[in-house]
Amino acid sequence: MGTLILVDLQNDFLPGGALAVPRGDETVVVANAVMACFARVVATQDWHPPAHGSFAANHQGRVPGEMIELGGVAQVLWPVHCVQDTPGSAFAPGLAAQRIERVFVKGTDPGVDSYSGFFDNDHRSATGLGDDLRERGETEVAVLGLATDYCVKATALDALRLGLRVQLIVDGCRAVDLQPGDGERAIAEMRAAGIEIVTSAELLAAADAVTR
Ligand code: VGL
Ligand code: ZN
């Protein structure tokens, strides 16, 4: 049955939030629906200190969307978002968060960003998610959440690199699309890497067939 990884289903990524992902709110109902198809549900949470280096506001004269270098890697500058212990970093309203067994925070080091739920962007420090899955002998994960072209993609690709079988629940994801088509290109990249692209309807139909 595998582990479902919910990526960054947080207020600041929903319409009206600080880093709003278009139609990001539509992922919540999909997340809730597919939880029952998995043995275990875990989540990642973007969890930045106020002084985080990915915030344009922390670099004089810079605006969101510009590129800098942070922690030795190329970095898009973002609006201030998902600051630790603020309403913007809380899980989305309506998410069945009581079904989440463990939460892995990321982006806590002000000197480097972390799109992946497994490692910082410089791949030097880990969140604990990889160890958690390995200790449990997990071999299969499914990923959904926000945003397709950043944290979902990075999380799914890292899971694959760790040797896991990875499904992307595509209707449970939405993209930032800084450039039109970024989300579609991210999905193509994941598919080409060996990630299985599935829909929630397919998962639910398969689960139904097993219990019938
Ligand atoms: C994300 C940009 C900055 C994401 C997080 O969750 O995809 N994107 N921080
Ligand atoms: Zn962030």
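Just follow the structure's listing: the first ligand is 1, and inside any ligand the first atom is 1.
Using a non-hydrogen distance threshold of 4.0 Å, Gln10 does not register as a contact of ligand 1.
Those atoms of ligand 1 with a heavy atom of Tyr150 less than 4.0 angstrom away are 7 (O), 8 (N).
Considering Thr108, Asp109, Asp120 as possible partners of Ser125, the one that fulfils the side chain to side chain donor-acceptor pair (under 3.5 Å) test is Asp120.
Ile195 and Leu129 fall within a single hydrophobic cluster, where Ile, Leu, Val, Met, Phe, Trp and Tyr are joined by side-chain heavy atoms under 4.5 Å apart, directly or via other members.
Ranking protein heavy atoms by distance to atom 2 (C) of ligand 1, first place goes to Trp78 CE2, 3.4 Å. Looking only at heavy atoms of the protein, atom 6 (O) of ligand 1 is closest to Asp8 OD2, 2.6 Å. For atom 1 (C) of ligand 1, the closest non-hydrogen atom of the protein is Cys151 SG, 3.2 Å.
For ligand 1, the polar-atom distance check finds an N/O of His81 within less than 3.5 Å of one of the ligand's N/O atoms. Taking any N or O of Ala147, backbone or side chain, at least one lies under 3.5 Å from an N or O belonging to ligand 1.
Salt bridge status for Asp149 with Lys153: absent, with no side-chain N to carboxylate O gap under 4.0 Å. Using a 4.0 Å cut-off between a side-chain N of Lys or Arg and a carboxylate O of Asp or Glu, Lys106 and Asp46 qualify as a salt bridge. Glu101 has a carboxylate O that lies under 4.0 Å from a charged side-chain N of Arg136, or vice versa, which qualifies the two as a salt bridge. Ion pairing between Glu196 and Arg165 holds under the 4.0 Å rule for side-chain N and carboxylate O.
His48 and His52 have tilted rings, their planes meeting at an angle from 30° to 60° on a 0 to 90° scale. Ring geometry for Tyr150 versus Tyr115: interplanar angle over 60°, hence perpendicular rather than tilted (30 to 60°).
Within the coordination shell of the Zn ion (ligand 2), defined by N, O or S atoms under 2.8 Å, Cys151 is absent.
Residue-level check: among N/O/S atoms of Asp46, OD2 sits closest to the Zn ion (ligand 2). Here the N, O or S atom of His81 that is nearest to the Zn ion (ligand 2) is NE2.
Counting heavy atoms under 4.0 Å from ligand 1, residue Leu146 touches it through the backbone alone.
Considering only non-hydrogen atoms, atom 9 (N) of ligand 1 lies nearest to Asp46 out of Val176, Val152, Asp46.
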